[in-house]
Amino acid sequence: MENKNTSTNLPALYTLMTVWFFWSFVAASNGILIPLFKEKFALQQWQAQLVDFAFYAAYFVGSVLYLILSSIMKTDILNKIGYKNGIIYGLIISAAGSLIFYPAAETKSYFLLLTALFVVGLGFSLQQTATQPFMIALGPPETGATRINLGGAVNNFGGTIGPLIVSYAIFGSISPEAALSATIESVKVPYLLLGGLF
């Protein structure tokens with residue numbers, strides 16, 4: 001059900017802009033965790049890079065799962081549940097992943113921390129699958145590309161400031177040396193807040 005009047009859809013558009021912001025905010029901030037985990041878990045570089053791998057592998061796995069489930073159900077899942085519900089479910093999945101950071105940090109489990117990042121990424125995968133067609137449906141199709149470009153601009157802004165804010169939230173500073181004095185428990189509060197925002 002497409003509404004041609006974009007002005008009546010502004011609250012939905014603003015909400016989607018927030019979602020686009022957080023995708024890049026979180027994705028760009030994952031790199032902040034690499035030196036912390038490498039230092040505290042005494043990891044080799046390839047093991048520390050699993051932080052990014054776990055997050056981005058979830059996009060691939062999420063897309064494949066989406067394809068498989070759509071094939072089994074013989075219908076596109078988003079056409080069945082709706083774009084808005086797809087985004088909501090994706091946010092719930094990402095929130096659950098963010099909350100896993102708390103027990104992972106408490107137990108100092110690198111595997112559980114990677115699992116948390118993977119679950120956050122799974123939620124992002126569903127959100128991104130639903131958001132672009134939803135953005136187009138929020139107004140005339142001929143201006144859909146403009147709305148998607150606006151989302152891209154907000155997304156890039158999140159990627160620019162995300163690492164700075166997360167560095168300060170976890171380490172209390174944006175200096176590279178700050179990771180050496182931080183602890184694994186430093187990730188608990190920022191990721192609990194992130195889960196609440198989701």
Side-chain angles (χ1 to χ4, degrees), residues 1-34 51-63 66 76-79 81-95 97-98 101 116-171 173-176 187 190-198:
M1 184 169 66
E2 183 182 312
N3 188 336
K4 299 285 187 183
N5 188 349
T6 307
S7 64
T8 61
N9 292 322
L10 287 178
L13 186 61
Y14 295 149
T15 302
L16 289 179
M17 293 294 122
T18 304
V19 171
W20 282 53
F21 173 84
F22 275 110
W23 291 339
S24 189
F25 183 97
V26 173
S29 300
N30 287 340
I32 300 299
L33 301 174
I34 293 172
V51 167
D52 275 338
F53 180 80
F55 183 78
Y56 288 109
Y59 278 81
F60 172 75
V61 171
S63 299
Y66 181 84
D76 186 288
I77 294 171
L78 287 175
N79 285 339
I81 66 172
Y83 299 134
K84 183 172 78 170
N85 286 335
I87 294 167
I88 290 169
Y89 295 148
L91 286 168
I92 290 169
I93 293 167
S94 292
S98 295
F101 270 87
L117 287 166
F118 183 83
V119 174
V120 170
L122 276 180
F124 280 14
S125 176
L126 180 55
Q127 292 167 47
Q128 289 192 12
T129 303
T131 299
Q132 289 197 13
F134 192 28
M135 290 278 271
I136 292 170
L138 288 176
E142 59 270 16
T143 59
T146 302
R147 290 187 293 281
I148 289 175
N149 286 338
L150 180 60
V154 172
N155 185 265
N156 289 334
F157 179 64
T160 301
I161 68 167
L164 298 174
I165 293 173
V166 171
S167 286
Y168 192 78
I170 292 176
F171 308 134
S173 168
I174 59 171
S175 70
V187 303
Y191 279 90
L192 283 176
L193 292 173
L194 186 62
L197 289 171
F198 287 144

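Heavy atoms only: backbone and side chains are in, while hydrogens, waters and symmetry mates are out.
- Between the Ser125 side chain and the Gly121 main chain, no donor and acceptor come within less than 3.5 Å of each other.
- The shortest non-hydrogen separation linking Gly123 to Ile93 is N-CG2, 3.5 Å.
- Applying the ring-ring contact (aromatic ring centres under 6.0 Å, His included) rule to Phe55 yields the partners Tyr59, Phe124; only residues at least two apart in sequence or on another chain are considered.
- In this structure, the separation between CG on Leu164 and OG on Ser29 is 8.5 Å, given to the nearest 0.5 Å.
- With contacts defined as side-chain heavy-atom distances shorter than 4.5 Å, the pair Leu126/Ile77 does not qualify.
- Contact check for Asn30 versus Val120: no side-chain heavy atoms found under the 4.5 Å cut-off.
- Among all heavy-atom pairs drawn from Gly31 and Asp52, the shortest one is N-OD1, 4.3 Å.
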Does the side chain to side chain contact (heavy atoms under 4.5 Å, CB included) test come out yes or no for Leu91 and Phe22, once each step is laid out?
-> CA-CA 10 Å; Leu91 286 168; Phe22 275 110; over 6 Å; no
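- Take Leu192 and apply the side chain to side chain contact (heavy atoms under 4.5 Å, CB included) test, not counting sequence neighbours, and it matches Leu99, Tyr102.
- Counting heavy atoms from C-beta outward, Phe198 and Val26 have side chains that approach closer than 4.5 Å.
- Side-chain contact between Tyr83 and Leu16 is absent, with no heavy atoms from C-beta onward closer than 4.5 Å.
- Put simply, CG on Leu194 and CZ on Phe101 are 8.5 Å apart, with the number rounded to the nearest 0.5 Å.
- Atom CG of residue Leu122 and atom CG of residue Leu117 lie 11.5 Å apart, to the nearest 0.5 angstrom.
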Using the side chain to side chain contact (heavy atoms under 4.5 Å, CB included) rule, take Asn9 and Phe134 through it: C-alpha gap first, then chi angles, then the decisive distance, then the call.
-> CA-CA 11 Å; Asn9 292 322; Phe134 192 28; over 6 Å; no
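- With rounding to the nearest 0.5 angstrom, the CD atom of Gln128 is 10.5 Å from the CD1 atom of Ile87.
- Each side chain to side chain donor-acceptor pair (under 3.5 Å) pair with one or both residues in residues 11-28, not counting sequence neighbours, appears once here: Trp23-Gln127.
- We find the OG1-CZ distance between Thr131 and Arg147 to be 13.5 Å, quoted to the nearest 0.5 Å.
- The shortest side-chain heavy-atom distance between Tyr66 and Asp76 falls under the 4.5 Å cut-off.
- Minimum heavy-atom separation, Pro163 to Ala28: CG-O, 3.6 Å.
- Put simply, OG1 on Thr143 and CD1 on Ile148 are 10.0 Å apart, with the number rounded to the nearest 0.5 Å.
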